Amino acid sequence: MKYDFTAIEKKWQAKWMETKPFAAVTGGEKPKFYALIEFPYPSGQGLHVGHARPYTAMDVVARKKRMEGYNVLFPMGYDAFGLPTENYAIKNHIHPAKVTHDNILNFRSQLQMLSYSFDWDREINTTEPSYYKWTQWIFLQLWKHGLAYKTTMPVNWCTSCKCVLANEEVVDGVCERCGAPVVRKEKSQWMLRITKYAQRLIDDLDDLDFIERVKTQQKNWIGRSTGAEVTFKATTGDDIVVFTTRPDTLFGATYMVLSPEHELVKNWLESGKLHNADDVKAYQAAAASKSDLERTELNKEKTGVCLDGVKGINPVNGKEIPIFISDYVLATYGTGAIMAVPAHDDRDWEFAKKFGCEIIEVVSGGEDVQKAAFTAKDETGILVNSEFLNGLTVKDAIPVITKWLEEKGIGEAKVNYKLRDWVFSRQRYWGEPIPMVYCEKCGWQPLSEDQLPLLLPDVESYEPTDDGESPLSKMTDWVNTTCPCCGGPAKRETDTMPQWAGSSWYFLRYMDPHNDKALASKEALEYWSPVDWYNGGMEHTTLHLLYSRFWHKFLYDIGVVPTKEPYKKRTSHGMILGEGGEKMSKSRGNVVNPNDVVEQYGADTMRTYIMFIGDFEKAAAWSNEAVKGSKRFLDRVWNLAESCSDSDAITPANESAIHKTIKKVTVDIDDLKMNTAIAAMMTLVNTFSANGCSKGDIRALLLLLSPFAPHMVEELWEMKGFAAETGKMACQTDWPQYDESKTVDATVEMAIQINGKLRGTMHAATDLDNDAVIAQAHATEVVQRNLEKLGGKIVKTIVVKNKLVNVIIK
RNA sequence: GCCGCUGUGGCGAAACAGGCAGACGCAAGGGACUUAAAAUCCCUCGGUGGCAACACCGUACCGGUUCGAUCCCGGUCAGCGGCACCA
């Protein structure tokens with residue numbers, strides 16, 4: 001019989017859909033295992049082969065875990081709010097809900113075509129009111145605990161999406177999604193206080209089994225730095241608080257810099273303290289009009305204006321020093337003001353050179369500070385020109401000066417983070433409505449929980465407005481409501497939540513997806529938490545992964561979830577590139593559609609190939625030619641299964657090969673080394689072809705292969721009569737065990753080296769003792785010949801058990 | 001600029017913990033079967049020299065440690081990723 005993959009795959013997909021062998025049941029005797037992959041955004045393009053890589057890998061892991069006796073939760077859903085759907089809806093005049101629905105139909109059928117062993121009864125969709133009810137509920141809890149607040153501040157505004165962006169969504173000064181320039185805009189925005197969790201988000205990484213890249217990237221992004229806040233007096237009597245990581249260099253502070261947006265500058269302008277007010281205002285205006293891109297691109301040349309009429313006073317020596325404004329000092333970090341120490345900071349040095357500021361060396365050990373700043377923070381620098389700090393190393397001086405500042409009441413130790421609060425509003429339609437109401441009398445009021453979900457109303461037009469208001473703002477019927485507090489007239493918030501809201505907690509919903517009393521039952525949360533293994537893209541490290549850790553920690557703090565971290569283990573996959581190693585894209589015309597591959601070769605080949613393609617963590621180029629190799633492999637398995645002998649016994653000649661393969665595949669799947677697991681099975685098939693094989697041999701191979709090629713294996717399992725004995729492959733719980741002693745052959749081929757160079761090989765009994773191995777080696781023709789040739793004596797022989805013998809001849 | 005990762009045949013890649021470099025697969029070449037093609041099966045396949053046995057070279061480059069280095073150490077170059085005026 002021919003391997004008719006199309007018929008076989010259809011047949012088993014229908015059966016599995018009916019009998020649901022992959023349904024996860026909360027509770028029971030078995031140990032639980034929660035495997036998670038990032039749910040897709042259901043775009044109009046459909047499933048990408050790039051999705052198939054992590055999905056197949058975790059499916060293989062989930063299937064193996066089930067066979068090993070675990071109760072496995074492996075769920076799937078759709079992260080369906082977002083701009084592409086909305087933009088498509090606008091362009092084609094179709095409701096985004098309809099677009100989403102259609103796209104999900106397509107995604108679901110593609111996922112089912114590849115037979116991922118999801119529990120389909122737990123499928124979720126972030127745009128369903130029954131789902132986003134709980135997204136809104138979490139927002140209300142954040143509000144109640146003071147972690148959500150509305151404030152007016154300069155935000156990142158994408159000129160194309162006509163929408164604000166979180167800092168995490170701005171990459172190189174342009175919009176992460178569409179690549180359009182991002183400008184600063186003053187807007188009133190909902191914010192989430194992720195900064196309150198900065199320290200815990202760093203600290204708790206230590207106990208997690210995340211790949212190192214993820215940990216360092218998150219730490220980097222949060223950007224902790226320790227130092228001190230120091231209060232300088234201005235000659236006007238005002239306090240200027242600065243943050244510095246180098247309080248030891250305080251005696252070298254020869255000028256100060258405020259950000260152009262600094263509050264004091266405004267005050268001084270208004271009170272007429274500045275003699276060059278016009279210059280100052282012009283500089284402020286110029287800085288405000290710069291986009292993020294311009295600000296970063298212009299970082300070669302420092303600009304600024306010296307404030308005429310006000311000076312700062314260095315608190316350690318009472319010296320009056322000039323104050324500048326410059327956009328190299330950011331309003332949003334630290335206190336928005338710095339003390340400048342040009343001798344020991346590159347940026348200050350550059351600025352000082354341009355504006356003729358004094359450069360005073362306070363740390364010796366470097367080159368001439370008039371020629372370059374000396375920035376070393378280690379023990380090489382010794383303090384000078386710093387009175388009571390003189391002679392100390394930088395490291396020792398920091399605590400001394402910090403204590404001194406604290407005693408004098410002019411400073412204190414301080415930790416700062418680069419992480420900013422999360423800008424949580426978007427001026428778009430297709431997102432979760434923010435369940436808040438504004439009342440002139442009572443201010444912002446939350447909707448009561450029994451009003452949830454606050455449904456997204458139907459609007460005439462989803463077009464974003466040029467004035468920066470959400471399309472919802474035009475829905476006056478919806479906007480005008482009553483205040484939950486006083487009952488008077490009030491208005492609803494018209495901004496919606498960002499794309500990242502729904503995905504910040506979705507893994508919890510899978511645990512109990514149909515619950516209408518809570519986001520999930522206590523019982524389900526207790527049983528399934530935490531996620532045991534989460535695989536996803538590196539691009540989500542500082543977005544989704546960080547956001548969801550933050551939400552989870554909050555939910556833990558208020559007693560909703562039982563663990564302080566959501567994910568125990570995190571791995572990451574490399575991208576699938578196009579045929580030539582270029583990124584797949586429509587414009588390059590190198591996009592591979594999984595449907596075409598499945599049609600031509602079958603889902604089992606697709607799955608096997610995408611696992612065989614290369615190192616899971618590295619990018620890999622798709623190859624239409626190489627797919628054939630995986631198909632050939634499955635064909636050979638099929639042919640062997642058809643032609644094997646009827647014996648249930650293991651063929652003696654195949655026994656050690658089988659045990660070696662079981663060992664290799666078992667270990668490799670857990671390490672995501674699917675490529676070498678498949679290579680090992682290919683080798684076993686080659687062995688079977690050479691030696692012939694029995695039904696018993698095939699049975700072992702089918703068990704190992706089943707997570708990769710489930711349809712074909714299920715068919716063969718039935719054909720060979722195994723199903724009649726132990727039931728369907730999909731329900732097997734006997735992952736094959738290997739016997740270590742049987743992975744060893746009776747004899748091994750050992751390398752013979754002469755003076756470290758390979759000169760021949762010999763067969764020796766396995767585990768032979770060293771003396772016997774040496775004797776056998778010395779007697780070989782290879783050693784004798786070389787002795788003669790080199791005309792020396794054997795001075796030493798090194799034996800590496802079962803591997804090689806190195807004979808040193810001198 | 002700073003931090004991290006990577007560099008192995010024509011290609012994708014293997015190599016436990018310092019021990020036979022290139023498993024497995026793709027492509028290529030040769031052969032069998034076939035009227036022919038596809039499919040399948042067999043053989044070759046890092047480079048140079050040699051009929052061969054074999055010898056020499058070879059894991060980005062230069063050097064070191066070692067009986068022995070793709071692996072460890074020092075330096076250089078190239079590529080990728082992240083951060084980037086964060087005081």
Side-chain angles (χ1 to χ4, degrees), chain A residues 171-173 211-221 223-225 227 242-246 249 253 257 259 295-296 298-302 326-330 332-341 344-348 350-351 416-420 538-539 541-542 574-575 581 608-609 612-615 617-630 632-633 635-636 639 664 667 673 675-686 689 748-761 785 795-810:
Chain A
V171 176
D172 295 332
I211 50 172
E212 275 311 309
R213 292 188 286 160
V214 169
K215 287 191 185 185
T216 46
Q217 250 183 61
Q218 288 206 343
K219 280 183 196 164
N220 247 322
W221 185 261
R224 176 193 152 98
S225 51
V242 303
F243 172 70
T244 176
T245 55
R246 294 290 303 277
T249 61
V257 187
S259 69
R295 259 180 112 134
T296 45
L298 286 171
N299 71 17
K300 289 150 210 143
E301 186 78 354
K302 297 263 182 297
S326 172
D327 65 2
Y328 88 90
V329 172
L330 308 174
T332 46
Y333 181 77
T335 60
I338 63 158
M339 63 177 213
V341 184
H344 305 292
D345 181 282
D346 289 325
R347 297 151 302 183
D348 295 346
E350 198 190 317
F351 188 90
N416 257 318
Y417 302 90
K418 286 195 227 176
L419 185 71
R420 311 292 157 80
M538 281 307 290
E539 70 276 18
T541 302
T542 55
M575 223 195 297
T608 305
Y609 173 64
F612 187 59
I613 197 165
D615 186 332
E617 283 201 21
K618 284 199 208 139
W622 182 270
S623 161
N624 281 318
E625 285 299 327
V627 180
K628 291 179 191 164
S630 297
R632 259 176 229 154
F633 164 59
D635 283 338
R636 297 184 70 198
N639 293 336
K664 182 79 182 144
V667 172
K673 290 185 170 177
N675 51 339
T676 49
I678 292 169
M681 290 187 280
M682 288 172 166
T683 307
L684 185 65
V685 165
N686 292 343
S689 294
V748 282
E749 189 182 54
M750 292 182 74
I752 300 175
Q753 291 186 346
I754 307 294
N755 297 339
K757 293 205 170 191
L758 181 70
R759 283 296 177 267
T761 57
R785 172 160 43 87
V795 294
K796 196 177 173 188
T797 304
I798 292 151
V799 178
V800 180
K801 202 174 171 187
N802 295 334
K803 296 252 171 171
L804 64 74
V805 185
N806 187 8
V807 182
I808 314 302
I809 298 175
K810 269 188 184 155

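A quick note: this is a predicted structure, and the numbers were derived from the prediction, not measured. Note on naming: letters A, B, ... go to the chains in the order of the sequence lines (proteins, then strands), and numbering restarts at 1 for each one.
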Please check the phosphate of [N] (OP1 and OP2 only) for any side-chain N or O of [X] closer than 4.0 Å.
| X | N | value |
| --- | --- | --- |
| A/R632 | B/A39 | no |
| A/K618 | B/A14 | no |
| A/Y328 | B/A87 | no |
| A/R785 | B/A53 | no |
| A/R759 | B/C20 | no |

pair A/I678-A/M681: side-chain heavy atoms closer than 4.5 Å: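 When only atoms from C-beta onward are counted, A/M681 and A/I678 do touch, with a gap below 4.5 Å.
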Is the backbone of [Y] close enough, under 3.5 Å, to the side chain of [X] for a donor and an acceptor to pair up by distance?
| X | Y | value |
| --- | --- | --- |
| A/Q218 | A/T541 | yes |
| A/Y609 | A/S623 | yes |
| A/D345 | A/A340 | no |

Donor-acceptor pair under 3.5 Å, A/K302 side chain vs B/C85 base: yes
Check: B/C16 base within 3.5 Å donor-acceptor of A/K803 side chain: yes
Could you work out which one of [options] sits closest to the side chain of [X]?
| X | options | answer |
| --- | --- | --- |
| A/F612 | B/A87, B/C24, B/C20 | B/C24 |
| A/W221 | B/C57, B/C24, B/A84 | B/A84 |
| A/F243 | B/A87, B/C24, B/G82 | B/A87 |
| A/I338 | B/C54, B/A87, B/C20 | B/A87 |
| A/N675 | B/A15, B/C20, B/A13 | B/A13 |

Within the 4.0 Å heavy-atom criterion, would you say [X] contacts the bases, only the backbone, or no part of the nucleic acid?
| X | answer |
| --- | --- |
| A/S623 | nothing |
| A/T332 | nothing |
| A/R420 | base |
| A/N639 | nothing |
| A/D346 | nothing |
| A/E212 | nothing |
| A/E625 | sugar-phosphate |
| A/N806 | base |
| A/T216 | nothing |
| A/N686 | sugar-phosphate |
| A/I808 | sugar-phosphate |
| A/I613 | sugar-phosphate |

Watson-Crick and G-U pairing of RNA chain B, under 3.5 Å, as dot-bracket with | and [ ]: (((((((..(((......[....))).(((((.......))))).((((....))))..(((((..]....))))))))))))....
Whole-Å [atom1] distance, [N] and [M]:
| N | M | atom1 | answer |
| --- | --- | --- | --- |
| B/A38 | B/G29 | P | 12 Å |
| B/C45 | B/G25 | P | 15 Å |
| B/G18 | B/C3 | P | 26 Å |
| B/U70 | B/C20 | P | 10 Å |
| B/A28 | B/G64 | C1' | 41 Å |
| B/A14 | B/C77 | P | 28 Å |
| B/C71 | B/A60 | C1' | 16 Å |
| B/G9 | B/C57 | C1' | 15 Å |

Intermediate values then yes/no, side chain to side chain contact (heavy atoms under 4.5 Å, CB included), A/Y333 and A/S259: CA-CA 10 Å; A/Y333 181 77; A/S259 69; over 6 Å; no
Test side chain to side chain contact (heavy atoms under 4.5 Å, CB included) applied to A/D348 and A/I338, step by step: CA-CA 10 Å; A/D348 295 346; A/I338 63 158; 3.7 Å; yes
Verdict with reasoning, A/M538 to A/Q217, per side chain to side chain contact (heavy atoms under 4.5 Å, CB included): CA-CA 9 Å; A/M538 281 307 290; A/Q217 250 183 61; 3.3 Å; yes
Stepwise side chain to side chain contact (heavy atoms under 4.5 Å, CB included) test for A/Y328 and A/E350: CA-CA 11 Å; A/Y328 88 90; A/E350 198 190 317; over 6 Å; no
5'-most by nearest nucleotide on RNA chain B - A/A337 or A/A619: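 Closer to the 5' end of RNA chain B: A/A619.
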5' precedence on RNA chain B between A/Q753 and A/S630 (nearest-nucleotide basis): A/Q753
For B/G31, glycosidic torsion class - syn if within 90° of 0, otherwise anti: anti
A/K302 to A/F351 six-membered ring, cation-pi geometry met (6.0 Å, 45°): no
